[in-house]
Chemist: 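One structure coming up, written as structure tokens, with questions to follow.
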Amino acid sequence: MSLRISVIGTGYLGATHAACMAELGYDVIGVDVDKEKLAALAAGILPFHEPGLPELLRKHVGSGRLRFTDSYELAANEADIHFITVGTPQRADGHGADMQYVDDSVDSLLEHITGEALIVGKSTVPVGTARRLAARIADRARPGSEVALAWNPEFLREGFAVKDTLSPDRLVYGVDGQQPLALLRRVYAPILSAGTPEVVTDWETAELVKVAANAFLATKISFINAFAEVTETVGGDIKTLADAIGHDARIGRKFLNAGVGFGGGCLPKDIRALQARVSELGLSHTMGFLAEVDQINLRRRDRVVSLAQSMLGGQLPGKRVGVLGVTFKPDSDDVRDSPALDVAVRLFNAGAEVSVYDPQGNANAAGRFPRLNYVESWQEAAQDADVVLLLTEWQEFRQLQPEELAEVVAERRLIDGRNVLDRAAWREIGWDITGPGEKYPQEEL
Ligand code: UDX
């Protein structure tokens, strides 16, 4: 019998997972409480920017393999495997994860499941969640139904979501028996046949794998950014330092780019939630270093703001600042916890006139901070600027030419917040250019 799948929660993770499951050949129902989002998805319109995903969505909405509903009853009746992909945002009252959406979606499914079913958690959750949910299932499942639980974390990166789902580095299953394992292997058979490594483990390990991966990545970024603080003081070249240590295969060069730091919907909240969880477990010292990782990361933003101020002779009020990039990374329209947007807002709050251009992020940023001046091109953002800040490394900005930018600005001052421009080429025609990891001003070197 063909597998029938539901995906509960049609945000970033869920919409991607649903479309990719349809691509693997399954009949998929995406479930959400947000009717507007459902209507858009059902019309083949993706409510966020993710390369390659709109095509997949339209293909499978068109083929009828991918449907959307707000009815848990329909999902329970028409699917046997239910992936939970709802959000686990940071709680309003602390650093822990808000588990309300996960709990509600499981409860809603349990109300309607009458036969055999497998619930598969994919959301990033505090360790111990699966065991807690298993007790909830035992308590609330309808008489006569048989509901199993597995944990199957997702490691997709924004901008590469389709590729990361269809060709992941690994598949991790937290299971408590052979039957859930066999079902997951059936679901992922086309991916496994391509040679994707499989890790079969218990619930707790599966939950921890996800947060451990994100904590490691965050730590790696803050590690190099901590060295950036050193080179900013003594001189030296942070990129060369990263290249040199990156040659050591045990270290590796990836995620060693010093810059304005990490943001987005995962890394910042996940390291905070992990600290909160281990504290609950009486292990607050164990992850104490993550508080430092967070602090180093946030100091990057202070550094860029103070650099802008120094470049402008200490004066921000009334100065024109052109900001290139507001998303937390390129190829995304996501501005959640974006260092770029935070820096732009701080400069505005300090009295600067801030013009912002992002190829995809303007609308989301304007939704949060409408008072910045959002414009439609880098030329407009940089028009008559006293200083330009490149804060998200979109390809369009990596290709900027010093002569072109010089034509529109008032003063040739540039902060390359992602260290992607060739400093020498810019300095050659008189730009005052600097960036993270660099001692400023130059003449003190
Ligand atoms: C991350 C994880 O990579 C992914 O596996 C997980 O499933 C979700 O969280 P994502 O949030 O899409 O993915 O972004 P990622 O590519 O990891 O980048 C995170 C942040 O780190 C971005 O703000 C990026 O600009 C920054 N970063 C990344 C650096 O500052 N330096 C680097 O060297 C790499």
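One-based numbering, in listed order, for ligands and for the atoms of each. By convention here, the first residue in the shown sequence is residue 1.
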Chemist: Sequence neighbours excluded, which residues qualify as ring-ring contact (aromatic ring centres under 6.0 Å, His included) partners of Phe223?
Modeler: Phe227
Chemist: Tell me every residue that passes side chain to side chain contact (heavy atoms under 4.5 Å, CB included) with Pro402, counting only those two or more places apart in sequence or in another chain.
Modeler: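 Side chain to side chain contact (heavy atoms under 4.5 Å, CB included) list for Pro402, sorted by chain: Trp426, Ile429, Trp431.
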Chemist: Students should find this: residues with any non-hydrogen atom under 4.0 Å from ligand 1. What is the answer?
Modeler: Glu154, Phe155, Leu156, Arg157, Glu158, Lys210, Asn214, Leu217, Ile221, Phe255, Leu256, Asn257, Gly261, Phe262, Gly263, Cys266, Leu267, Phe328, Lys329, Arg418
Chemist: Residues two or more places apart in sequence or in another chain: which of them pass ring-ring contact (aromatic ring centres under 6.0 Å, His included) with Phe348?
Modeler: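 Expected list: none.
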Chemist: Are Lys269 and Asp337 ion-paired here, with the side-chain N under 4.0 Å from a carboxylate O?
Modeler: no
Chemist: Parallel, tilted or perpendicular: which one describes the rings of Trp394 and His49, with boundaries at 30° and 60°?
Modeler: tilted
Chemist: Should we count CD of Gln399 as having more than 12 external heavy atoms under 6.0 Å?
Modeler: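 Counting other residues, nucleotides and ligands, CD of Gln399 exceeds 12 neighbours.
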